[in-house]
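In the text below, chain A, chain B and the rest are named by the order of the sequence lines, each starting its count at 1. Keep in mind that this is a model prediction, so the values were computed, not measured.
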Amino acid sequence: MDKCPRVSYFSAMVETATPELQPGIIQEEKDKSKSELEPGYLVICWNDPVNLMGYVTHVFQTVFGWARQKAEFHMLQVHEQGKSVLPRESMEKAEHYVHQLQKYSLHATMERDE
Amino acid sequence: MKLIRATKNRYHFRLTKWEKNLLVSVLKLYLRIPPAHQPLSKVARLPDQESSQSLLDEALAEQRAENKKQIQQWLADPRRFCESEKGLRLSLSPAEVEWLLQVLNDVRVGSWIFLGSPDERRPLQILNETTAPHLWAIEMADYFQTRLLEALEGERSA
């Protein structure tokens, strides 16, 4: 099974300051990168009634490496409450998980934890 | 379709010719989910959200194009389904099981989207020549997904 390798599009998201930039702008870029590294993003899975419960459990186990009990807990949350908040991550990691979940056709998004 | 043996590296299934034809028909329906269907976020408050969304769409499109190509190659292999006394045998690696689950769920979810995403509050109203093939695809994908998940579950609990 694919153990969540980094895909090419993530590398494009890393911003690099160039020497031509003004010091203030460089500082802004650094601040932005720092905030993107902080675990301020929630990965959320939303209920699609068409998905099989066993399939959703399997995907959670595969993508997050969770034990069956934890995966089932979140699957039931999705099923009964319409959504489940999965990990709280940095922006880059949250994007990675959303991509993995969407690869399995699950309805997943990331939202800022405010 | 029934799991007859599982080893560390292979799952061996037995299936009838009729089941094989159904599986092939369902796999040929891939890809069903419309492109750029899935948003990265429901609330537009992410930094560089537009470019992040377009990168996600590109990554998924690339992945799906690869899946489509893989299905064609997978089905074209004349040794894919081996004749045996009791029907046909299908041998899958764990990676192939994972890949088939993804492909089948695309068919399932995509067909459901074609039907207007019905749910308890908005059930499907009409069964006709337009909607019936989508319902068929959902049920068939369900059948094979369930067999694959049972095989994985048996392996995990063994």
At a heavy-atom separation under 4.5 Å, does B/Ile33 approach chain A through its side chain, its backbone, both, or neither?
side chain
Say whether B/Val107 and B/Trp112 are linked into one hydrophobic cluster, either directly or through other cluster members, by side-chain heavy-atom distances under 4.5 angstrom.
no
When rounded to the nearest 0.5 angstrom, what is the spacing between CD in B/Gln145 and CG in A/Asn51?
8.0 Å
Going hydrophobic residue to hydrophobic residue with side-chain gaps under 4.5 angstrom, can you get from B/Val97 over to A/Leu52?
yes
Check: A/Gln102 side chain, B/Pro39 main-chain N or O, donor-acceptor pair, under 3.5 Å
yes
Gap between atom NE2 of B/His37 and atom OG of A/Ser105 - 0.5 Å precision
9.5 Å
Checking heavy atoms, do the side chain of B/Leu60, its backbone, both or neither come under 4.5 Å from chain A?
both
Distance, nearest 0.5 Å, that separates CG of B/Asn67 from NZ of A/Lys103:
8.5 Å
Linking I/L/V/M/F/W/Y whenever their side-chain heavy atoms sit closer than 4.5 Å, directly or via other members, would A/Val50 and A/Val56 fall into one cluster?
no
Could you give the distance from CG (B/Leu55) to CD (A/Glu95), rounded to the nearest 0.5 Å?
8.0 Å
Looking only at heavy atoms, the pair that brings A/Glu111 and B/Val43 closest together is OE1-N, 3.2 Å
Is the shortest heavy-atom distance from the side chain of A/Ile44 to the side chain of B/Lys42 under 4.5 Å?
no
Would you kindly confirm whether B/Leu29 and B/Leu75 end up in one hydrophobic cluster when ILVMFWY residues are joined by side chain heavy atoms under 4.5 Å apart?
yes
Above 12 or not: heavy atoms from other molecules or residues under 6.0 Å from NZ of B/Lys68?
yes
Heavy atoms of A/Tyr55 and B/Asn105 approach each other most closely as CE2-ND2, 3.0 Å
Correct closest heavy-atom pair for A/Pro49 and B/Asp119 would be CG-CB, 3.8 Å
Are B/Leu104 and B/Leu3 joined in one hydrophobic group, where the rule is that I, L, V, M, F, W and Y side chains link up if heavy atoms are under 4.5 Å apart?
yes
Would you mind checking which part of A/Ala108 comes under 4.5 Å of any heavy atom in chain B, side chain (CB onward), backbone (N, CA, C, O), both or neither?
backbone
If we ignore hydrogens and angles and just use 3.5 Å, is the side chain of B/Ser41 paired with the main-chain N or O of A/Met110 as donor and acceptor?
yes
Show your reasoning for whether side-chain hydrogen bond (donor to acceptor under 3.5 Å, both in side chains) applies to A/His58 and B/Glu98.
CA-CA 10 Å; A/His58 168 74; B/Glu98 210 58 51; 2.6 Å; yes
Atom pair CD/CG of B/Gln38 and A/Leu106 - distance to nearest 0.5 Å:
8.5 Å
Report the distance from atom CG of B/Leu152 to atom OG1 of A/Thr57, rounding to the nearest 0.5 Å.
12.5 Å
